[in-house]
Amino acid sequence: PLEPGRSSLPPLASHNRINHFPRNAVFVSKSSLTELHKRLTRPSDSERLQQNFFRQPMKPFMPRHFLLPADMLAFEVAWRSTPSMQWVAKKKSHRGVHMVKSLRHAKELAAKGNYMIAEYVEPLLINQHKWDVGIYIAVTRLQPLTIWQYENALFRFCKKPYPDVITNETDVDSYVGNGSKPPWEMPDLKPGYAADGLPTATSEGANNWDVVMDYLASNKSPVSNWRRQAFEEEISRIIVGVLRHVAPQIKEGVLKLNTGHPEAFFEMWRWDFTVDTQGKPKLMEVNMSPNLMAKVFPSGTDRAMKFG
């Protein structure tokens with residue numbers, strides 16, 4: 001990424017391209033994304049008057065997050081007002097994921113500092129496995145704002161079946177997708193790969209997005225009356241809504257670099273969503289410079305999708 005505070009770049013030739021936008025930390029940092037979500041869904045009166053703010057607040061699109069120790073009092077209110085809610089804690093470096101056992105436990109984390117607590121989203125399961133989806137998005141122009149979505153997507157299923165109850169003794173491989181399984185290994189999704197085949201090093205095979213969307217719309221779906229169009233429209237609403245809001249700040253950063261070619265900048269991110277029990281997407285994070293290293297399984301690989 002561009003160094004924070006950098007005020008200029010050398011003049012660029014018309015053919016030069018830079019694959020990062022300045023000021024994109026306003027939504028790729030988890031703490032900044034959390035603050036942005038608050039402003040977009042619950043804007044103050046002064047923010048409503050800003051030219052780059054929408055007339056109507058956005059509907060909430062991600063779980064509630066609390067940054068400790070700063071948000072400890074707000075978290076305590078949330079804890080007491082929603083006693084049945086589960087909460088998950090992790091360091092701001094995204095390490096050390098575990099469930100919050102009690103309010104006392106949360107206060108101990110706040111005393112350590114550098115922790116984040118989030119509302120735990122009960123997931124929609126496929127073959128008793130929790131999963132998430134990463135959507136690749138590129139912006140190639142800021143004016144007009146030009147957004148591209150890759151037609152395929154990264155689906156990650158947890159290694160182990162989802163438990164009936166999650167405690168701090170629960171194996172994290174059942175609810176955190178670090179060591180993931182691919183979608184084509186899920187029994188209910190395997191038929192979707194029959195026609196176009198499994199992905200290989202040279203072929204993407206069947207489109208993962210289409211396979212999962214078709215399954216959720218079928219009579220085998222774990223959620224009733226699920227509609228693909230509504231799901232995809234909600235994904236687009238979230239991505240476009242966030243990018244429309246941050247684009248003016250990013251554009252200002254581009255112009256301040258004074259390269260002579262503001263159109264030289266572009267960027268790709270991976271937007272990670274979980275899906276709740278009602279089949280609705282919830283944004284978890286936005287990844288700058290997403291990992292495009294091929295994931296190889298005995299049954300197939302996503303190399304062709306990531307390497308093109």
Side-chain angles (χ1 to χ4, degrees), residues 25-45 47 57-125 128-132 156 158-180 223 238 242 271-287:
V26 296
F27 69 102
V28 297
S29 155
K30 194 62 175 279
S31 57
S32 296
L33 180 61
T34 297
E35 291 303 316
L36 178 63
H37 180 254
K38 291 178 183 177
R39 297 207 319 271
L40 288 173
T41 56
R42 301 189 302 275
S44 65
D45 291 340
E47 286 170 330
M58 291 180 68
K59 293 186 297 182
F61 53 84
M62 62 185 294
R64 288 177 291 172
H65 284 71
F66 299 88
L67 307 177
L68 303 184
D71 293 339
M72 187 60 221
L73 290 178
F75 173 70
E76 186 169 349
V77 171
W79 174 278
R80 296 185 187 283
S81 62
T82 51
S84 62
M85 178 66 65
Q86 284 192 298
W87 302 88
V88 63
K90 59 182 175 181
K91 294 180 179 179
K92 292 178 185 176
S93 62
H94 302 285
R95 299 291 184 266
V97 177
H98 58 279
M99 306 305 291
V100 179
K101 296 178 291 186
S102 64
L103 195 55
R104 179 180 178 181
H105 180 203
K107 291 179 178 179
E108 290 171 354
L109 296 178
K112 294 178 181 179
N114 206 36
Y115 268 88
M116 178 184 301
I117 293 180
E119 184 178 14
Y120 183 73
V121 177
E122 278 298 329
L124 181 68
L125 304 179
Q128 201 54 36
H129 281 72
K130 182 182 176 182
W131 54 281
D132 65 15
R156 299 175 297 188
C158 288
K159 263 187 175 180
K160 298 186 178 179
Y162 193 72
D164 293 331
V165 178
I166 294 180
T167 68
N168 280 328
E169 285 67 50
T170 303
D171 191 331
V172 294
D173 282 342
S174 65
Y175 66 96
V176 178
N178 293 335
S180 58
V223 60
I238 294 168
V242 170
W271 297 60
D272 289 348
F273 291 84
T274 191
V275 180
D276 68 17
T277 54
Q278 302 303 310
K280 297 185 181 301
K282 302 289 183 184
L283 179 64
M284 302 304 291
E285 60 186 355
V286 182
N287 293 278

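Just so it is clear, the structure is predicted and the values come from calculations on it, not from any experiment. When a residue number appears, it is its place in the shown sequence, counting from 1.
Residues forming a side-chain contact (heavy atoms from CB on, under 4.5 Å) with Gln128 (at least two apart in sequence, or on another chain): Leu125, Pro161, Tyr162. Remark: Arg156 engages Asp132, Asp272 in a salt bridge (charged side-chain N to carboxylate O under 4.0 Å, His left out) (not counting sequence neighbours). For Asp171, the salt bridge (charged side-chain N to carboxylate O under 4.0 Å, His left out) partners are Lys160, not counting sequence neighbours. With sequence neighbours excluded, no residue forms a salt bridge (charged side-chain N to carboxylate O under 4.0 Å, His left out) with Glu122.
Using a 4.5 Å heavy-atom threshold, the side chains of Leu33 and Leu283 count as touching. In this structure, the side chains of Leu40 and Val242 come closer than 4.5 Å at one or more pairs of heavy atoms. Side chains of Thr82 and Trp87 form a contact here, defined as non-hydrogen atoms less than 4.5 Å apart. Taking the side chain as every heavy atom from C-beta outward, His98 and Ile166 never approach each other to under 4.5 Å. The shortest side-chain heavy-atom distance between Thr167 and Met99 does not fall under the 4.5 Å cut-off.
The two residues Trp79 and Val100 have their closest heavy-atom pair at CZ3-CG1, 3.9 Å. For the pair Met284 and Met62, the tightest heavy-atom approach, listed with the atom from each and the gap, is O-CE, 4.3 Å. In plain terms, the two heavy atoms of Leu103 and Glu76 that are nearest each other are CD2-CG, 3.6 Å. Between Pro123 and Thr277, the shortest heavy-atom distance links the atoms O-CG2, 3.4 Å. Between Pro63 and Val121, the shortest heavy-atom contact is CG-CG2, 3.5 Å.
To the nearest 0.5 Å, atom NZ of residue Lys130 and atom CG of residue Asp173 are 12.0 Å apart. Note that the NE2 atom of His129 and the OG atom of Ser174 stand 9.5 Å from one another [nearest 0.5 Å]. Interatomic distance, Ile238 CD1 to Met58 CE, rounded to the nearest 0.5 Å: 6.5 Å. Rounded to the nearest 0.5 angstrom, Leu68 CG and Met116 CE are separated by 9.0 Å. Arg80 CZ to Phe75 CZ: the interatomic distance, rounded to the nearest 0.5 Å, is 10.5 Å.
Taking a 6.0 Å sphere around CG of Leu73, one finds it holds 12 or fewer heavy atoms contributed by other residues, nucleotides or ligands.
With hydrogens and angles disregarded, no donor-acceptor distance shorter than 3.5 Å links the side chain of Ser29 to the backbone of Ala25. Looking only at distances, no side-chain donor or acceptor of Lys282 sits under 3.5 Å from a matching main-chain atom of Thr274. Put simply, the side chain of Trp131 gets close to the backbone of Leu124: a donor and an acceptor are under 3.5 Å apart. Not one N or O on the side chain of His37 forms a donor-acceptor pair closer than 3.5 Å with the backbone of Pro60.
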Could you walk me through whether Val97 and Val88 pass side-chain contact (heavy atoms from CB on, under 4.5 Å), step by step?
CA-CA 7 Å; Val97 177; Val88 63; 3.6 Å; yes
Check: residues 105-113 side-chain donor-acceptor pairs under 3.5 Å, at least two apart:
from   : atom 1 : to     : atom 2 : distance (Å)
His105 : ND1    : Lys101 : N      : 3.0

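For residues 61-73, every residue pair satisfying the salt bridge (charged side-chain N to carboxylate O under 4.0 Å, His left out) rule, not counting sequence neighbours, is listed here: Lys38-Asp71, Arg64-Glu119.
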